[in-house]
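In what follows, a structure is listed as structure tokens, so that the remarks can point back to it.
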Protein chains: 2
Amino acid sequence: MARNVEFDEELAISRAMDVFWKKGYNGTKMRDLTEAMGINSSSLYNSIGDKHELFIRCIKHYTESRMAAATKQLGRIKSPLKALEKFIQSSVYAITNEPNSCLAIKTTFEIAASDEKVQKVIKADNKFTYNLLIDLVNKAIEKKEITVSQDAEMLTDYIMNHFSGWHESFIIHQDKARIKKMADFLLAQISK
Amino acid sequence: MARNVEFDEELAISRAMDVFWKKGYNGTKMRDLTEAMGINSSSLYNSIGDKHELFIRCIKHYTESRMAAATKQLGRIKSPLKALEKFIQSSVYAITNEPNSCLAIKTTFEIAASDEKVQKVIKADNKFTYNLLIDLVNKAIEKKEITVSQDAEMLTDYIMNHFSGWHESFIIHQDKARIKKMADFLLAQISK
DNA sequence: ATTATTTTGAAACATATGTTACAGAATAGT
DNA sequence: ACTATTCTGTAACATATGTTTCAAAATAAT
């Protein structure tokens with residue numbers, strides 16, 4: 001028996017996410033957010049909550065979108081090693097072509113250590129990727145597509161942990177070729 | 001013909017560094033800094049400058065200390081591969097025992113992409129480590145201690161780029177064993 | 001059409017924040 | 001001891017910042 005929300009909440013979250021992505025949590029001001037979202041702060045507080053709650057929504061949006069994309073992309077690939085390759089190559093593409101480095105990694109280094117709620121979202125995202133990859137690694141080991149190590153857990157960690165270094169490298173050098181060479185070497189290492 | 005500065009500037013910088021290290025650039029307030037440094041803002045502005053200049057001094061202090069420590073530690077080791085091992089093991093120790101993750105990496109992800117002066121310091125630090133390591137890698141390749149690849153530049157990048165992933169992992173899981181296993185695997189990979 | 005309820009916009013609020021002003025204290029060189 | 005100069009502490013300043021207030025607008029259900 002009353003008025004409905006006027007703005008598209010998902011679109012607004014996505015716009016806010018872009019601001020946080022570029023400026024970080026502490027670097028983003030409420031006025032940056034309301035301007036980008038195209039709504040007034042009273043509407044924001046009324047429908048979503050304060051800055052921190054909005055940030056949580058934004059990083060959830062970010063991580064959930066990535067999860068959906070990864071699941072979709074890897075689903076149809078039969079060879080587990082080929083799927084791993086695809087995942088790594090997609091990461092390289094994102095790292096070297098997106099305007100900002102990964103929001104999850106930036107958030108991890110900026111505030112995850114001191115913000116429990118944020119850490120929970122980051123952990124969930126990490127766990128998802130870990131589960132996705134360890135499944136592939138296990139299958140690849142079974143099929144003898146991977147023989148470099150039998151320790152699937154370590155190997156999954158090992159693979160995953162390359163991405164933030166690649167982001168770091170790209171922030172510093174903006175050199176796509178360097179990232180590609182490292183990725184090729186990683187792939188060569190695990191493909192034997 | 002006048003009064004001298006009362007406080008120990010290097011000590012004050014070191015105290016300020018600890019605050020930035022823990023809270024990040026945007027998360028640190030001037031009053032956090034003056035309190036930790038034990039001086040008031042007029043002395044700070046009078047002797048060092050504004051927040052940004054102080055930050056530059058702090059990250060320079062951080063990176064220069066690390067450079068000195070690395071040079072000192074690796075100088076006496078004869079085998080280049082052993083020196084690489086030592087560097088990696090020292091990094092693992094720092095990552096899993098220091099109260100905050102690397103200030104240079106945190107800074108890279110927080111503001112290096114949008115702050116030229118900061119980026120310059122970060123680049124210099126990166127270049128120093130790169131030069132230190134590529135020298136070892138080249139010598140190790142010459143001595144046939146490393147045979148996994150002949151591309152010293154790529155291999156140096158490859159080794160260096162593990163550290164931020166290990167930091168990320170430790171922030172998320174606080175599990176020393178996971179970092180150690182990855183480091184051991186990396187060492188096994190390059191030691192053949 | 002009325003009503004009860006919710007959303008929205010403009011403005012304001014309380015506090016935080018980076019920085020400066022200035023008077024007095026301190027001191028290196030004379 | 002004097003003096004010119006610099007440093008220090010207190011307080012304040014101007015603006016930024018996260019959040020709230022409240023009246024008016026909108027609308028779903030009756």
Side-chain angles (χ1 to χ4, degrees), chain A residues 1-61 107 110-111 114-118 121, chain B residues 1-61 106-107 110-111 114-118:
Chain A
M1 2 140 99
R3 194 173 172 182
N4 287 334
V5 184
E6 213 169 66
F7 65 94
D8 178 340
E9 194 165 299
E10 184 155 336
L11 182 63
I13 293 286
S14 171
R15 296 260 167 79
M17 185 191 78
D18 288 336
V19 181
F20 280 127
W21 197 353
K22 190 176 172 192
K23 302 191 170 191
Y25 181 74
N26 285 311
T28 298
K29 311 307 172 190
M30 289 305 290
R31 281 156 185 78
D32 299 333
L33 292 165
T34 51
E35 190 188 358
M37 298 166 88
I39 64 174
N40 186 284
S41 63
S42 74
S43 294
L44 175 56
Y45 278 85
N46 195 44
S47 59
I48 294 169
D50 64 12
K51 185 187 178 188
H52 192 265
E53 284 181 83
L54 175 58
F55 184 67
I56 296 287
R57 290 284 301 271
C58 288
I59 58 176
K60 276 187 179 163
H61 180 75
T107 299
E110 191 191 354
I111 48 166
S114 58
D115 187 318
E116 238 176 273
K117 286 177 186 174
V118 168
V121 179
Chain B
M1 357 138 100
R3 194 175 172 181
N4 286 334
V5 184
E6 214 170 64
F7 65 95
D8 179 339
E9 194 165 299
E10 184 154 337
L11 182 63
I13 293 287
S14 172
R15 296 261 167 78
M17 185 192 78
D18 287 337
V19 181
F20 280 127
W21 198 353
K22 190 175 172 194
K23 302 191 170 193
Y25 181 74
N26 285 311
T28 298
K29 309 308 170 190
M30 287 307 290
R31 281 154 184 81
D32 299 333
L33 293 165
T34 50
E35 189 189 358
M37 298 167 87
I39 62 175
N40 64 39
S41 61
S42 73
S43 293
L44 176 56
Y45 277 85
N46 195 44
S47 60
I48 294 169
D50 63 13
K51 186 187 178 187
H52 193 265
E53 284 181 83
L54 175 57
F55 184 68
I56 297 287
R57 290 283 301 274
C58 288
I59 58 175
K60 276 186 180 164
H61 180 75
K106 290 181 75 167
T107 299
E110 190 190 355
I111 49 166
S114 58
D115 186 319
E116 238 177 274
K117 286 177 186 173
V118 168

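Proteins get letters first, then strands, A, B, ... in listed order; numbering begins at 1 in each. Note that the structure is a prediction, hence the values are computed from the model and not measured.
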inquiry  = Can you give me the closest heavy-atom contact between B:Phe55 and B:Thr107, atom names plus distance?
reply    = CZ-OG1, 3.6 Å

message = I need the B:Leu33 CG to B:Ser41 OG distance, nearest 0.5 Å.
response = 11.0 Å

query = Starting at the 5' end of DNA chain C and moving along, which residue's nearest nucleotide shows up first, B:His52 or B:Asn4?
reply = B:His52

message = Can you tell whether the side chains of B:Arg57 and B:Glu9 come within less than 4.0 Å, N to carboxylate O?
response = yes

message = Rounding to an integer number of Å, can you tell me how far A:Ile39 CD1 sits from C:dT7 P?
response = 12 Å

ask   = OP1 or OP2 of D:dC7 sitting under 4.0 Å from any side-chain N/O of B:Asn46?
value = yes

message = Evaluate B:Lys23 against A:Ile111 for side chain to side chain contact (heavy atoms under 4.5 Å, CB included), listing each step before the verdict.
response = CA-CA 8 Å; B:Lys23 302 191 170 193; A:Ile111 48 166; over 6 Å; no

task = Assign B:Thr34 to base, sugar-phosphate, or nothing according to its heavy-atom contacts below 4.0 angstrom with the strands shown.
result = nothing

ask   = More 5' along DNA chain C: A:Ser47 or B:Asn26, using each one's nearest nucleotide?
value = A:Ser47

message = Suppose we call a contact any N or O donor and acceptor under 3.5 Å apart; does that hold for the side chain of B:Ser41 and the base of C:dT20?
response = yes

ask   = Quick one: A:Tyr45 OH to D:dT20 P, roughly how many Å, whole number?
value = 6 Å

request  = Could you state the atom-to-atom distance from NZ of B:Lys51 to C1' of C:dT19 in whole Å?
outcome  = 12 Å

ask   = A:Asn40 side chain N/O closer than 4.0 Å to the phosphate oxygens (OP1, OP2) of C:dG9?
value = no

